[in-house]
Each structure stands twice: as C-alpha cells, then as structure tokens.
Amino acid sequence: MSSPTITLYTRQTPNGIKISVTLAELDLQYNVYNINPHTQEQKSPWFLDINPNGRIPAITDTHPDDDGKEIRVFESGSIMQYLVERYDTEYRISYPRGSREYCTEHSPYAIQRYQDETRRLYGVLDKHLHDAGTDYLVGNKCTIADIATWPWVTLARWSLGGEHHPVSPLDEFPALKEWEERMFKREGVEKGRHVPEPHQREILRDPVKMEAFEERGREFYKKTADEKEATAKANE
Ligand SMILES: N[C@@H](CCC(=O)N[C@@H](CS)C(=O)NCC(=O)O)C(=O)O
C-alpha cells in the first residue's frame with residue numbers, strides 16, 4: 001500500500017475530530033501530528049505556515065495529481081469540503097454540488113449567552129430531526145453535515161455547563177439524543193473520535209471522571225492566566 005498523502009494536525013477537540021471522523025468515514029489513510037497546546041505549538045512559525053490563523057485542525061495533502069505540490073487547508077468546514085470534493089467520488093458522505101437537499105476571565109454573561117445559544121441550537125436540530133423523520137440531518141445517510149455537528153452535540157454536558165447539568169442533558173431533545181447515539185454507533189465515528197487521544201464522551205458521562213477533567217481544565221487556564229500576568233509585570 002502506498003504511504004498516505006494526507007497529514008492531519010490536530011488535538012482532541014470537537015473541531016479536530018470532525019476531520020478524523022471524515023477521514024475514517026472515507027476510509028482514507030493519513031498521518032497524525034498531535035499539536036501541543038501547552039507550548040502554544042499552534043502559534044509556532046512552522047505551523048503558521050500551514051494555518052496562518054494558528055488553530056487546529058489543519059491538513060496538508062501531497063496528492064500525486066498535483067505534481068508533488070503540497071496543498072494546505074485549514075478551517076474544519078473547508079477541510080471537510082476539500083476532502084469530500086477530492087475523495088468522496090461516490091458521494092458516501094456528501095451530495096453532488098447543486099443538488100437539493102473559551103477566555104481566562106470568568107464571564108457569567110458570556111457563559112450564559114453561549115449556553116443559551118447552544119440549547120437553542122440543540123432545539124433547532126431536535127425539531128428538524130423530528131419533523132424530517134430521517135435517520136440523519138440530510139436524508140437517510142450520514143453526510144459531512146452530521147460529522148460537523150456530532151462532536152459538539154456529543155459533548156452536550158460540557159457545552160451546557162458541566163457539573164451544573166444532569167448526566168444526560170440530551171434527554172430534553174429526544175430526536176437529537178437518538179441521532180447522537182446512531183452516529184456514535186458508526187464504525188467511522190468510533191475510529192475517528194479517539195484521534196489523537198481518547199475521546200471525552202465517556203468522561204462526560206461519569207461524574208467522578210468529569211470532575212477530574214474539569215479540574216485539569218481549571219489548572220490549565222489558571223497557569224495560562226498566571227503566565228500572562230507574569231509577562232505583563234515583566235514588561236512594565
Ligand atoms: N473555525 C475554526 C475553529 C478552530 C478552533 O477554534 N480551534 C481550536 C481548538 S477546537 C484551537 O486551535 N484553539 C487554540 C487557539 O485558539 O490558539 C475551525 O472550525 O477549524
């Protein structure tokens with residue numbers, strides 16, 4: 001088998017696994033580079049050459065049809081679009097073109113605003129799935145629309161407020177909950193969701209693991225804030 005032409009630069013986040021799930025659903029071989037956020041590797045010059053926006057995910061692809069030229073793509077939506085346009089020739093997770101079909105300061109206002117918005121969007125998805133009566137967001141096959149959405153829905157407990165929320169936050173959205181589980185059972189989702197580290201779905205469903213997970217997050221953001229303060233003081 002020839003070596004993969006695609007390298008995925010990522011870490012374990014919802015935007016990151018959109019891409020690893022897409023790659024898995026398309027049965028594509030690829031290399032993985034695990035970006036280290038603790039050293040701000042996503043802002044390092046070599047990575048900014050790939051994504052000037054300094055965020056993951058990003059991919060590079062050196063496809064034989066491009067005469068050995070490396071293609072660089074960033075923004076999860078654009079990457080998914082690139083992958084299906086180039087590699088989903090049988091429209092397994094897409095449709096033909098033209099067819100129908102965080103902050104270191106605690107801000108209660110911002111948190112409330114985004115949690116309310118998330119709840120509203122879950123409601124929109126739930127109603128759509130209920131009214132359409134389809135297995136997936138667009139028809140009865142899993143497409144990139146489902147893959148882009150699932151990573152954010154499966155982490156609902158986190159998006160809606162962690163420890164302040166019941167263990168099954170999707171209970172109020174029955175059609176969405178059913179769809180989340182249907183997606184979860186897909187082989188490609190299972191294969192892609194653990195890249196480059198184990199996925200957090202199980203952690204968020206276990207109150208003890210959840211507390212440890214949140215504590216790690218609090219420590220990380222405190223350390224970042226302390227470092228920022230120390231740098232500001234040193235520059236005074
Ligand atoms: N709109 C972008 C969002 C990318 C994004 O926010 N990535 C986060 C991880 S999910 C990141 O790299 N954060 C680190 C930083 O902002 O420095 C996409 O969909 O790709």
Side-chain angles (χ1 to χ4, degrees), residues 6-26 28 30 32-61 71-86 93-94 102-107 110-111 113-115 117-118 121-122 125 137 143-162 183 189 192-201 203-204 213-214 216-229 231-232:
I6 299 171
T7 299
L8 168 63
Y9 301 84
T10 194
R11 42 183 273 243
Q12 181 49 258
T13 74
N15 282 321
I17 69 166
K18 283 181 195 175
I19 310 306
S20 41
V21 171
T22 301
L23 287 158
E25 288 280 352
L26 291 173
L28 292 171
Y30 61 102
V32 179
Y33 187 100
N34 190 357
I35 293 279
N36 183 353
H38 301 281
T39 59
Q40 292 280 300
E41 197 175 12
Q42 73 277 18
K43 311 288 183 216
S44 60
W46 72 265
F47 184 71
L48 292 177
D49 274 352
I50 296 171
N51 179 3
N53 195 29
R55 291 188 166 186
I56 64 90
I59 64 162
T60 55
D61 189 6
I71 289 182
R72 300 168 171 189
V73 195
F74 57 94
E75 278 296 318
S76 55
S78 306
I79 300 171
M80 293 169 91
Q81 203 71 47
Y82 168 82
L83 290 173
V84 295
E85 277 173 17
R86 181 147 223 174
I93 54 164
S94 61
Y102 251 121
C103 135
T104 54
E105 283 144 47
H106 184 81
S107 167
I111 291 170
R113 184 205 176 289
Y114 283 104
Q115 287 176 357
E117 180 64 1
T118 303
L121 290 167
Y122 286 172
L125 288 165
L137 292 174
T143 67
I144 51 174
D146 300 279
I147 301 172
T149 310
W150 183 81
W152 292 106
V153 174
T154 192
L155 300 192
R157 185 161 187 243
W158 173 68
S159 331
L160 292 178
M183 283 294 288
V189 171
R193 75 186 181 108
H194 298 294
V195 178
E197 284 164 355
H199 185 232
Q200 296 144 357
R201 187 179 192 268
I203 299 175
L204 295 197
F213 169 74
E214 292 200 322
R216 282 200 301 278
R218 284 191 288 268
E219 274 168 18
F220 174 65
Y221 283 99
K222 183 174 181 318
K223 189 170 161 259
T224 312
D226 290 350
E227 280 168 6
K228 229 168 137 183
E229 204 181 308
T231 311

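The figures that follow rest on heavy atoms only: side chains count, while hydrogens, waters and symmetry mates do not. Each ligand, and each atom within it, is numbered from 1 in the order the structure gives. What you are looking at is a predicted structure, and each value in this text was computed from that prediction instead of being measured.
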- Query: Is there a heavy atom in Pro57 that sits closer than 4.0 Å to ligand 1?
  - Reply: yes
- Scan side-chain atoms only and decide if Asp61 and Tyr30 contain a donor-acceptor pair under the 3.5 Å cut-off. no
- Mind checking whether Asn53 and Glu75 have side chains closer than 4.5 Å, heavy atoms only? yes
- Message: Strictly below 4.0 Å, N to O, side chains only: are Glu117 and Arg113 in salt-bridge contact?
- Response: no
- Message: Check this for me - ligand 1, Lys43, N or O atoms closer than 3.5 angstrom, yes or no?
- Response: yes
- Task: Indicate yes or no for a side-chain donor-acceptor contact from Arg157 to the backbone of Leu204 under 3.5 Å, with no hydrogens or angles considered.
- Result: yes
- Quick one: does Leu83's side chain get under 4.5 Å of Ile19's, heavy atoms only? yes
- For atom 6 (O) of ligand 1, which candidate among Arg55, Gln12, Gln42, Glu75 provides the closest heavy atom? Arg55
- If you have a sec, work out which protein heavy atom is nearest atom 3 (C) of ligand 1 and how many Å separate them, to one decimal? Asn15 ND2, 3.5 Å
- Query: For ligand 1, is any non-hydrogen atom under 4.0 Å from Gln40's backbone (N, CA, C, O), its side chain (CB onward), both, or neither?
  - Reply: neither
- Closest to atom 20 (O) of ligand 1 by heavy-atom distance, out of Gly54, Ser76, Gly16, is Ser76
- atom 13 (N) of ligand 1: the protein heavy-atom neighbour that sits closest, reported with distance to 0.1 Å: Arg11 NH1, 4.2 Å
- Message: Is any side-chain heavy atom of Pro151 closer than 4.5 Å to one of Asn15?
- Response: no
- Note on the structure: Looking only at protein heavy atoms, what sits closest to atom 10 (S) of ligand 1 is Thr13 OG1, 3.3 Å
- atom 8 (C) of ligand 1: which protein heavy atom is closest, and how many Å away? Ile56 O, 3.8 Å
- Query: Using a distance-only test with no angle check, is there a side-chain donor-acceptor pair under 3.5 angstrom linking Glu41 and Tyr9?
  - Reply: no
